[in-house]
Amino acid sequence: MQARPFDRTFRLIHWLLAILMFLLLVTIFLRLTWLEKYSVAEIINAYAADQQIEINQDQAVTLAKKIRKPMWQWHIWLGYAITAVYVLRMLLPLFGKMRFASPKQPGLDVKTRFQYFVYLVFYVLLGASLTTGLLIEFGPDAWHETVEEIHVLSIYYFLTYMVLHLGGVFLAELTSLPGLISRIISGDHPTKSSE
Ligand code: HEM
């Protein structure tokens with residue numbers, strides 16, 4: 001890994017994106033676990049049977065989706081917020097800020113080249129997730145199913161990215177770039193020798 005300067009804009013965009021994406025991950029986690037529609041429908045069915053209320057599976061699933069809906073609304077709001085940060089991040093290089101680090105630039109070691117390549121792939125795939133998410137909400141009904149099938153695949157690259165990113169960052173912190181994590185949090189402090 002190579003040391004790059006982290007100005008205020010870089011850190012602000014980075015942490016906005018990181019926090020919003022983490023919260024988004026929480027909504028996905030909830031949808032797949034506690035609020036999974038068939039598990040909730042099972043609870044509804046069991047309660048209805050206990051109370052001798054007649055309810056069929058479709059009705060129980062519909063109710064389960066209604067229970068999940070307010071939580072899932074956060075997923076959609078977070079998606080809009082991430083889209084705004086993403087667009088901002090894409091526009092910033094036009095104003096000379098947060099230029100993309102090219103993996104093709106000469107003089108890079110293999111690790112740094114790979115690191116910059118992973119960032120670019122991440123941004124392309126995030127762009128695809130955001131586009132498919134927006135198409136689910138605003139696109140034509142005929143596209144809904146296909147676009148949703150693509151959108152749900154997002155979790156795979158995101159988790160892979162997080163493993164690579166956090167692994168890479170902690171490894172660099174412990175080996176070649178001590179202080180890296182502190183710099184991305186509070187900025188580039190002048191070292192004692194340069195004071
Ligand atoms: C959901 C969580 C996160 C996401 C989506 C994320 C995303 C990113 C992206 C896209 C970049 C490249 C920025 C650019 O060049 O445009 C980056 C850089 C960086 N991130 Fe994260 N990040 C996350 C969490 C974290 C955490 C928890 C840490 C610290 C422990 C961290 C430390 C860093 C550092 C040090 C860099 C700069 C590395 C370099 O010199 O290139 N990130 N992150």
Side-chain angles (χ1 to χ4, degrees), residues 1-33 71-134 150-191 194:
M1 249 186 175
Q2 223 173 50
R4 287 198 290 166
F6 303 135
D7 64 13
R8 219 179 272 264
T9 316
F10 190 104
R11 286 179 284 134
L12 184 74
I13 295 281
H14 176 266
W15 289 114
L16 264 177
L17 195 64
I19 292 167
L20 291 171
M21 299 264 328
F22 172 74
L23 293 175
L24 192 87
L25 198 62
V26 173
T27 63
I28 298 170
F29 176 73
L30 287 175
R31 188 182 167 113
L32 297 175
T33 55
M71 185 286 293
W72 198 244
Q73 190 57 43
W74 281 95
H75 181 87
I76 296 164
W77 287 332
L78 287 163
Y80 296 150
I82 293 169
T83 306
V85 176
Y86 182 84
V87 170
L88 194 65
R89 200 270 167 265
M90 292 299 131
L91 293 177
L92 278 169
L94 301 176
F95 301 94
K97 293 237 159 210
M98 246 187 134
R99 289 188 198 283
F100 286 101
S102 165
K104 280 186 170 173
Q105 58 186 287
L108 295 182
D109 57 80
V110 179
K111 266 197 281 179
T112 310
R113 219 176 272 287
F114 178 67
Q115 176 201 348
Y116 292 169
F117 173 73
V118 169
Y119 288 152
L120 292 185
V121 172
F122 170 76
Y123 280 123
V124 169
L125 294 177
L126 179 57
S129 301
L130 296 172
T131 310
T132 48
L134 291 172
I150 300 170
H151 186 74
V152 296
L153 298 177
S154 307
I155 190 70
Y156 297 109
Y157 83 77
F158 183 59
L159 291 181
T160 311
Y161 173 75
M162 284 321 297
V163 171
L164 287 175
H165 186 51
L166 295 184
V169 164
F170 282 105
L171 194 70
E173 169 74 42
L174 296 173
T175 56
S176 53
L177 291 175
L180 176 70
I181 295 174
S182 156
R183 285 201 303 116
I184 191 94
I185 295 171
S186 45
D188 304 293
H189 300 297
T191 56
S194 63

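Every number for a ligand or one of its atoms is a count from 1 in the order of the listing.
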Does [X] use its side chain to pair, donor to acceptor, with the backbone of [Y] at less than 3.5 Å?
X    : Y    : value
R31  : M71  : no
T132 : S129 : yes
Y86  : Y123 : yes

Please indicate whether any nitrogen or oxygen in Y116 is less than 3.5 Å from any nitrogen or oxygen in ligand 1.
no

One finds that the ligand 1 atoms under 4.0 Å from a non-hydrogen atom of L180 are 35 (C)

Give the numbers and elements of all ligand 1 atoms closer than 4.0 Å to a heavy atom of R89.
14 (C), 15 (O), 16 (O)

Any heavy atom of E173 sitting closer than 4.0 Å to ligand 1?
no

Quick check on L177 - does any of its heavy atoms sit under 4.0 Å from an atom of ligand 1?
no

Of [options], which has the heavy atom at the shortest distance from [atom]?
atom                    : options              : answer
atom 32 (C) of ligand 1 : L92, V169, I19       : V169
atom 29 (C) of ligand 1 : F170, W15, F22, F158 : W15
atom 6 (C) of ligand 1  : M162, R99, H165      : H165
atom 9 (C) of ligand 1  : F122, Y161, Y86      : Y161
atom 15 (O) of ligand 1 : R11, M98, R4, M21    : R4

Aromatic plane relationship, H165 with H14 - under 30° parallel, 30 to 60° tilted, over 60° perpendicular
tilted

Atom CH2 of W77: over 12 foreign heavy atoms under 6.0 Å:
yes

Specify side chain, backbone, both or neither for L25, according to which of its non-hydrogen atoms lie closer than 4.0 Å to ligand 1.
neither

Have a look at ligand 1 and work out which part of F100, if any, has a heavy atom under 4.0 Å from it: side chain, backbone, both or neither.
neither

As an exercise, state the distance from CD1 of I184 to CG of L177, rounded to the nearest 0.5 Å.
11.5 Å

Report the distance from atom CZ of F158 to atom CG of L153, rounding to the nearest 0.5 Å.
15.5 Å

Between Y161 and Y157 (judged by ring centroids, cut-off 6.0 Å), do the two rings come close enough to count as a pair?
no

